[in-house]
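What follows is one structure encoded as structure tokens, with my remarks underneath.
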Amino acid sequence: TSQDDSANTVDVDPLGQYLYVAGQTRGDFGIMPNHGGSDIFILKYDLTAGPLPVRAWKDPIIIGSSADDSALALKVDQTGTFVYLSGYTRGSLFSPSLGNADAFLVRLYASNGSIETSRQFGTSANDYGSTFVLPDTAVGPIQVGAETDRMIGTYEIGNLHVFRFQPSNLEPLGSLLVQTFSRESVTGLVTHPKFPGTLFSCGQSWLDEINGWDISFKSLTGSTGNM
């Protein structure tokens with residue numbers, strides 16, 4: 001658009017037929033006017049129509065509140081039926097705001113981009129849903145990796161926060177906040193293929209100005225997420 005736009009995440013359906021791109025826009029994208037601040041956009045491309053991707057949806061799907069909203073992670077399920085998005089909103093996107101920034105998880109129909117179900121969640125502080133992992137079966141939970149701010153004395157720092165949801169209806173199944181004394185961000189989340197209870201995360205960690213940002217890697221095991 002004529003305003004700031006950013007594509008933050010991309011995925012391809014299991015058959016390699018369609019490409020999905022999501023991010024944020026501050027302009028009027030397609031026929032949809034901006035809701036306020038930055039809005040979420042999702043684009044779908046047909047990879048089988050020729051040498052170059054062709055728009056599969058005539059217009060982008062736009063989701064937004066009156067405040068800033070952004071999609072940070074996108075994945076297509078194993079059947080190609082649904083597209084999942086996680087990110088953050090500073091407004092009341094899917095439900096009333098819980099804090100300055102809330103994380104969200106939304107499931108859309110891949111055929112037309114309409115919303116099937118959604119969850120806005122978090123704490124009274126900032127929560128950014130930056131990555132998630134889908135289960136291999138309908139039994140395992142969907143797990144969203146978020147950065148949640150918390151106070152240590154007079155300092156506000158972000159720590160890894162894993163939120164779990166029931167795959168069928170996205171009902172919350174609890175969460176685990178991994179509390180450390182360094183500021184952390186999470187950029188990747190994956191489960192072990194043979195041990196579904198084991199979760200790996202990666203990102204950045206900031207302890208002080210001398211060392212700056214360092215690589216962060218964690219292994220969480222069991223239902224309680226022990227490190």
Side-chain angles (χ1 to χ4, degrees), residues 4-11 21-26 37-42 63 65 67-75 84-91 93-94 97-106 119-134 141-165 172 174-192 198-221 224-227:
D4 291 337
D5 313 294
S6 175
N8 299 331
T9 179
V10 63
D11 198 14
V21 182
Q24 65 195 50
T25 176
R26 291 189 175 274
S38 60
D39 288 343
I40 298 161
F41 75 82
I42 311 105
I63 306 171
S65 67
D68 286 339
D69 315 291
S70 180
L72 301 178
L74 177 153
K75 290 183 181 178
Y84 291 79
L85 284 177
S86 71
Y88 73 89
T89 174
R90 295 188 181 277
L93 186 61
F94 300 113
S97 176
L98 300 169
N100 190 20
D102 293 341
F104 69 80
L105 178 66
V106 58
R119 293 289 172 185
Q120 182 171 331
F121 55 93
T123 66
S124 59
N126 288 314
D127 304 278
Y128 305 96
S130 53
T131 184
F132 64 93
V133 60
L134 298 176
I142 299 172
Q143 302 185 85
V144 179
E147 177 187 338
T148 291
D149 287 345
R150 67 188 186 92
M151 296 299 297
I152 297 181
T154 59
Y155 297 96
E156 186 176 59
I157 67 171
N159 281 166
L160 168 63
H161 202 163
V162 179
F163 294 86
R164 297 185 174 100
F165 298 90
S175 69
L176 169 71
L177 176 60
V178 182
Q179 301 186 28
T180 66
F181 290 97
S182 60
R183 181 172 185 85
E184 299 176 337
S185 64
V186 54
T187 56
L189 205 63
V190 66
T191 55
H192 194 291
T198 300
L199 187 69
F200 300 100
S201 74
C202 68
Q204 293 178 305
S205 177
W206 174 285
L207 185 60
D208 54 46
E209 294 183 358
I210 297 176
N211 296 293
W213 286 103
D214 293 327
I215 296 170
S216 173
F217 172 79
K218 290 182 173 63
S219 173
L220 309 176
T221 58
T224 57
N226 296 319
M227 290 180 63

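Here CG of Leu220 is found 9.0 Å from CZ of Phe200. Values are rounded to the nearest 0.5 Å. Taken from OG in Ser86 to CZ in Arg119, the straight-line distance is 15.5 Å, to the nearest 0.5 Å. In this structure, Leu199 CG and Lys218 NZ are separated by 11.5 Å, a value rounded to the nearest 0.5 Å. To the nearest 0.5 Å, atoms CG (Asn159) and CD (Gln179) are separated by 7.0 Å. Here OG of Ser38 is found 4.0 Å from CG of Asp68. Values are rounded to the nearest 0.5 Å. Arg90 contributes atom CZ, which lies 5.5 Å from atom CG of Asn126 (distance to the nearest 0.5 angstrom).
The two residues Arg150 and Thr180 have their closest heavy-atom pair at NH2-O, 2.6 Å. Scanning both residues, Tyr84 and Leu105, for their nearest heavy atoms gives CD2-CD1, 4.4 Å. Nearest heavy atoms, Lys75 versus Leu189: NZ-O, 4.3 Å.
In this structure, the side-chain contact (heavy atoms from CB on, under 4.5 Å) partners of Asp214, at least two apart in sequence or on a different chain, are Asn211. Residues passing the side chain to side chain donor-acceptor pair (under 3.5 Å) test with Ser175 are His161, sequence neighbours excluded. The ring-ring contact (aromatic ring centres under 6.0 Å, His included) search around Phe121 returns Phe163, Phe165, not counting sequence neighbours. Evaluation of the side-chain contact (heavy atoms from CB on, under 4.5 Å) rule for Thr89 yields Ser65, Asp69, Leu93, Asp102, Gln120 as partners, not counting sequence neighbours. Ser185 is linked by a side-chain contact (heavy atoms from CB on, under 4.5 Å) to Glu147, Gln204, counting only residues two or more places apart in sequence or in another chain. Taking Ser70 as the reference, Asn8, Gln24, Leu72, Tyr88 meet the side-chain contact (heavy atoms from CB on, under 4.5 Å) condition, with sequence neighbours excluded.
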Report task. Show your working on side-chain contact (heavy atoms from CB on, under 4.5 Å) between Phe104 and Ile63 and close with a plain yes or no. Result -> CA-CA 12 Å; Phe104 69 80; Ile63 306 171; over 6 Å; no

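Annotation: side chain of Thr198 is in contact with side chain of Ser219 (closest heavy-atom distance under 4.5 Å).
A donor and an acceptor atom, one from each side chain of Thr148 and Asp127, are located under 3.5 Å apart.
Side-chain atoms of Thr131 do not come within 3.5 Å of backbone N or O of Gly145 as any donor-acceptor pair. Between the side chain of Thr9 and the backbone N or O of Leu74, at least one donor-acceptor pair lies under 3.5 Å. Put simply, the side chain of Ser130 gets close to the backbone of Val186: a donor and an acceptor are under 3.5 Å apart.
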